[in-house]
Every structure is written in structure tokens, then in C-alpha cells.
Amino acid sequence: MKNHIGIKRHGRGRSRWLWGLGVMVILGIGAWGLWGHRPPAPPPKPAATAQPPRMEGLSLTEIHEGDKTWVLEAKKADFHPENDTVSISGVRVEFFGPGEDIRVKADTGLFNTKTRVLTLKGQVEMKRGDLMVTTSEATFLPAERVLVAPEHVVIAEAGLKVEGRGLRVELAGKKLVMAQHHLTEFLVKDWRGKK
């Protein structure tokens, strides 16, 4: 009988030990589960996109065979080296050639540093002497030395107003060609000298 009781006690100790081990395993699994299910770390902040280099004020001059062909000035400029362009605002360009120079103003522009093509947008004004041309877009094509204005154009001079589309200004030849004519107005003085 003593032997039998001793075996029972030994069995109880072993079951307590197993029970304690089981509790520790369960606690360990629970802790691992909590650790493994913690919220993921926040995603890394996206890298700041590189801003194009910006300048307050820009002045460019083109000289061809020793003669100044044009001067461009802008209040602000953003350089985009990936596509060889410069975005500009507050633009003024003066084109030099035979006879009077042509002065051009525009709200914004885009200049290609490789092709030297200049596109002007916004309120575009071209002035040569008393002649004023207004449009919303004009492009300077350096290979031909022409200004092309594909949109609606108004040409005004003392006593004359012409409207149309598709204006081509040949800088070297001092020539204006309008592809589509819409309206011509003359301001004529009457015989008494009144307008």
C-alpha cells in the first residue's frame, strides 16, 4: 500500500509539472501571437519629388554671325533638364532684324534649350511701331525666323483692325500672312475731319 500511495504522489507531481509546462507553452504562444499580430510599421514617407531649379528673373540673348537676333527676359523660370525645356512667366522678347524690331509680351512661355523653339501663351502681344497684334498663343520657329499664331488674332493699327486665325509673321521679310480672314474694320475721317 505504501508503494501504491508513493506512485500516486509521483504521478501527481508529474501532472503538475506537465500542467505548468502546458501553461507556459500557452502563454508563450499567446505572447508570440500578440507580438506577431502587432500593427505593421507605417509605410516609409515617399521621397520628396525633386523640384525643378527655379530662378527669379532670366535673361537670354541669341547672337547669330555676330548679330543679336533676339533677347528674352522673364520674371520667373523653372528648368526641366529631363526634357530640355524652361518654363517661364512674365515674358518679354525683342526680335531684331531689318527695319523696326518686334517686341513681344506674354503671360507664360516654354523654351526648348536644344531646338530654341519658344512657345508663348496667355495674353500675347506683338508690337512693331504702331502695329499691335494680340492673340492667345504664338510660337517662334528659329530655323525659319517666323512667329506663328494659330489661334484667333487681332491686328490693330491707326484706323485699321483685322481679325482672323493662323497668322504667320516673317521676321526677316517683314511680312504678315493671315490664313483665315474674319473681319476688317476701317476708321475713316469724314470730310469735316471728324472720326
Scanning both residues in full, the closest heavy-atom pair of A149 with M126 reads CB-CE, 4.4 Å
Under 4.5 Å between side-chain heavy atoms, hopping through other hydrophobics if needed: is there a path connecting V117 to L147?
no
Compare all side-chain heavy atoms of F95 with those of V104 and state whether any distance is below 4.5 angstrom.
yes
Summary of side chain to side chain donor-acceptor pair (under 3.5 Å) pairs that have at least one residue in residues 55-65, sequence neighbours excluded:
E62-T69, E62-W70, E62-R116
Just to verify, which of D107, T108, V91 counts as forming a side-chain contact (heavy atoms from CB on, under 4.5 Å) with L120?
V91
For residues V124 and V71: do they belong to one hydrophobic cluster (side chain heavy atoms under 4.5 Å, members Ile, Leu, Val, Met, Phe, Trp, Tyr)?
no
In terms of hydrophobic clusters joined by side-chain contacts under 4.5 Å, are M178 and V169 together?
yes
Side-chain donor or acceptor of T139 paired with backbone N/O of T119 under 3.5 Å
no
Residues two or more places apart in sequence or in another chain: which of them pass side chain to side chain donor-acceptor pair (under 3.5 Å) with T134?
none
State, with a plain yes or no, whether a side-chain heavy atom of V133 is found less than 4.5 Å away from one of V153.
yes
When F79 is tested against each of T113, V86, T85 for side-chain contact (heavy atoms from CB on, under 4.5 Å), which residue passes?
V86
With sequence neighbours left out, which residue pairs that include part of residues 126-139 fulfil the salt bridge (Lys or Arg N to Asp or Glu O under 4.0 Å) condition?
none
H152-T135 side chain donor-acceptor pair, cut-off 3.5 Å:
no
Applying salt bridge (charged side-chain N to carboxylate O under 4.0 Å, His left out) to K105 and not counting sequence neighbours gives E125
Do L72 and L58 pass the side chain to side chain contact (heavy atoms under 4.5 Å, CB included) test, and can you show the C-alpha distance, the side-chain angles, and the key distance before you say yes or no?
CA-CA 8 Å; L72 179 145; L58 171 71; 4.3 Å; yes
Check the hydrophobic clustering (I, L, V, M, F, W, Y; side-chain heavy atoms under 4.5 Å; chains of links allowed) and say if L131 and F140 are grouped together.
yes
Connected via hydrophobic side-chain network under 4.5 Å: M132 and L167
no
Interatomic distance, CG@D84 vs OG1@T115, rounded to 0.5 Å, equals 8.5 Å
Test: K161 and E163 ion pair at under 4.0 Å:
yes
Among pairs that include at least one residue of residues 139-157, which meet salt bridge (Lys or Arg N to Asp or Glu O under 4.0 Å), considering only residues two or more places apart or in two chains?
E144-R168, E151-R165
Taking the side chain as C-beta and beyond, is there a heavy-atom pair between E170 and L176 under 4.5 Å?
no
Would you tabulate the side-chain donor-acceptor contacts of residues 179-188 under 3.5 Å, counting partners in other chains and residues two or more places apart, or write 'none'?
residue	atom	partner	partner atom	Å
H181	NE2	L183	O	3.4
H181	NE2	T184	OG1	2.4

Heavy-atom closest pair (V148 atom, P150 atom, distance to 0.1 Å) is O-CD, 3.7 Å
Can you tell me how far the NZ atom of K76 sits from the OG atom of S89, to the nearest 0.5 Å?
6.0 Å
Step by step, work out the side chain to side chain contact (heavy atoms under 4.5 Å, CB included) result for S136 and K121.
CA-CA 6 Å; S136 61; K121 293 188 177 185; over 6 Å; no
